[in-house]
Amino acid sequence: MLDHSELLVVGECVADIVRLPDEADRVHPGGSPANVAYGLARLGHRAVLLTQLGPDENGRLVRDHLVSGGVDVRTDGSTARTPSAAVTLDGAGQASYAFDVSWTLAPVAVEPAPVHVHTGSIGAVVEPGSATVLDLVRAARATATVSYDPNVRPGLMGDRTAAVRRVEECVGLSDVVKASDEDLEWLYPGEDPEQVAAGWLGRGPAVVLVTRGGDGALAVLPGGRVTVEAPAVEVADTVGAGDAFMSGTLHALAAQGLLGPDARERLRAVDRDTVADVLRHAVASAAVTVSRAGANPPGPDELREALAHN
């Protein structure tokens, strides 16, 4: 059973098989929703992850990693193999992915309702499991705030037009949406990311956040736009950066009392200074993560230190 103080993340776990030139493959626990849940737990939240993990070596590695960070891992009982992704890093640490993924999440009772639900990436678009995810999110809106990160994986998105429809459906169910400029370029080629974010805002969210890598991040809200710069950091790799940004965002929103159904109207009226503070937490969380290998988000002391140096 889930306590009302818990944050529920719904989506995939992926074993990231990292490949570097002239080095042996290294396997890291990954998957965007799993990384967000891990980041939230590292920051002291009671995070529950509803996912699928196979009874295989990769599944055990991912589960052990999540549990070690404090995540309460729940599965639907499926015995399908654990999804994997071959992650190839270029000389600048930028990651490209080749996936071996199935996502067949079956309905699971989630009671009592958590205070917040986050989803995104593969779990929100790959059938047949994505239908279960969207049903859960629709049901949760009465008793929880919702966040969404499309975390686009072009090789798994299928037809672009259909993918845009699904992404926009998820946007319309959410209170907080985060996307990268690269996500938006794939979904809406040639369109200005800020204009896309403004269009998404009109579909229902209280705030839409756009990450821009080394150029920082921006937020679009009814009162205008807010931007922050990215901290200067030596990049080890970018694996998990966007997920650390997302967990940092939710951590900061929770600290401001802006998560949960009773906070929805306050979130819709949030001021620019508060959003700027949220963005600073988010980019600091991402900066810590890119400074070291793999999806390794900060704990609370590390995040405070990063904020102090920004």
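All heavy atoms count here, side chains included; hydrogens, waters and symmetry mates do not.
Ion pairing between Glu127 and Arg166 holds under the 4.0 Å rule for side-chain N and carboxylate O. The pair Asp149-Lys178 meets the salt-bridge criterion, with a side-chain N (NZ, NE, NH1 or NH2) lying under 4.0 Å from an Asp/Glu carboxylate O. A salt bridge links Glu169 with Arg138: the distance from a Lys NZ or Arg NE/NH1/NH2 to an Asp or Glu carboxylate oxygen falls below 4.0 Å. Under the 4.0 Å criterion applied to side-chain N and carboxylate O atoms, Arg264 and Asp175 are assigned as salt-bridge partners.
Less than 6.0 angstrom separates the ring centroid of His65 from the ring centroid of Tyr38.
Rounded to the nearest 0.5 angstrom, Ile122 CD1 and Phe99 CZ are separated by 4.5 Å. The structure places CG of Asp271 at 3.5 Å from OG1 of Thr274, a figure rounded to the nearest 0.5 Å. Between the CG atom in Asp215 and the CG atom in Asp181 there is a gap of 8.0 Å [rounded to 0.5 Å]. The distance from atom OG1 of Thr82 to atom CD of Glu57, rounded to the nearest 0.5 Å, is 10.5 Å. Atoms CH2 and CE, on Trp186 and Met157 in that order, are 5.0 Å from each other to the nearest 0.5 Å. Once rounded to the nearest 0.5 Å, the distance linking CG of Leu134 with OG1 of Thr119 reads 7.5 Å.
In this structure, the side chain of Arg268 does not engage the main chain of Ala263 through any donor-acceptor pair within 3.5 Å. Gln195 contributes no side-chain N or O that, together with a main-chain N or O of Asp192, makes up a donor-acceptor pair within less than 3.5 Å. No donor-acceptor pair under 3.5 Å is formed between the side chain of Arg153 and the backbone N or O of Ser121. Under a 3.5 Å cut-off, the side chain of His116 and the backbone N or O of Thr145 do form a donor-acceptor pair. A distance-only check finds a donor-acceptor pair linking the side chain of Asp76 to the backbone of Ala106 [under 3.5 Å]. Side-chain atoms of Glu12 come within 3.5 Å of backbone atoms of Gly123 as a donor-acceptor pair (strictly under, hydrogens ignored). Checking side-chain atoms of Arg42 against main-chain N and O of Pro297 turns up a donor-acceptor pair under 3.5 Å. Judged by distance alone, the side chain of Arg266 and the main-chain N or O of Gly257 form a donor-acceptor pair under 3.5 Å. Judged by distance alone, with hydrogens and angles left aside, the side-chain atoms of Ser78 form a donor-acceptor pair with the main-chain N or O of Ala80 at under 3.5 Å.
With His118 as the partner, the side chain to side chain donor-acceptor pair (under 3.5 Å) test is satisfied by one option alone out of Ser174, Ser247, Ser147: Ser147. Tested against Gln52 for a side chain to side chain donor-acceptor pair (under 3.5 Å), the candidates Thr104, Thr79, Thr75 yield a single pass: Thr104.
Looking at Ser32 and Asn35, their side chains never bring a donor and an acceptor atom within 3.5 Å of each other. Side-chain contact annotation: Asp183 with Ser180, donor-acceptor N/O pair under 3.5 Å present. Side-chain contact of Thr51 with Arg74: a donor-acceptor pair under 3.5 Å is absent, judged by distance alone. When only modelled atom types and interatomic distance are considered, His251 and His45 share a side-chain donor-acceptor pair under 3.5 Å.
A heavy-atom distance below 4.5 Å is not found between the side chains of Pro114 and Leu7.
Two different hydrophobic clusters hold Leu279 and Val288 under the rule that ILVMFWY side chains link at heavy-atom gaps under 4.5 Å.
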Between Arg81 and Asp100, does a salt bridge (charged side-chain N to carboxylate O under 4.0 Å, His left out) hold up when you go through it step by step?
CA-CA 10 Å; Arg81 70 185 181 279; Asp100 179 10; 2.7 Å; yes
Between Arg212 and Glu194, is a salt bridge (charged side-chain N to carboxylate O under 4.0 Å, His left out) present by the stated rule, with each step listed?
CA-CA 11 Å; Arg212 303 184 293 184; Glu194 186 173 342; 5.9 Å; no
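In terms of heavy-atom proximity, Val210 sits nearest to Ala197 at CG2-CB, 3.8 Å.
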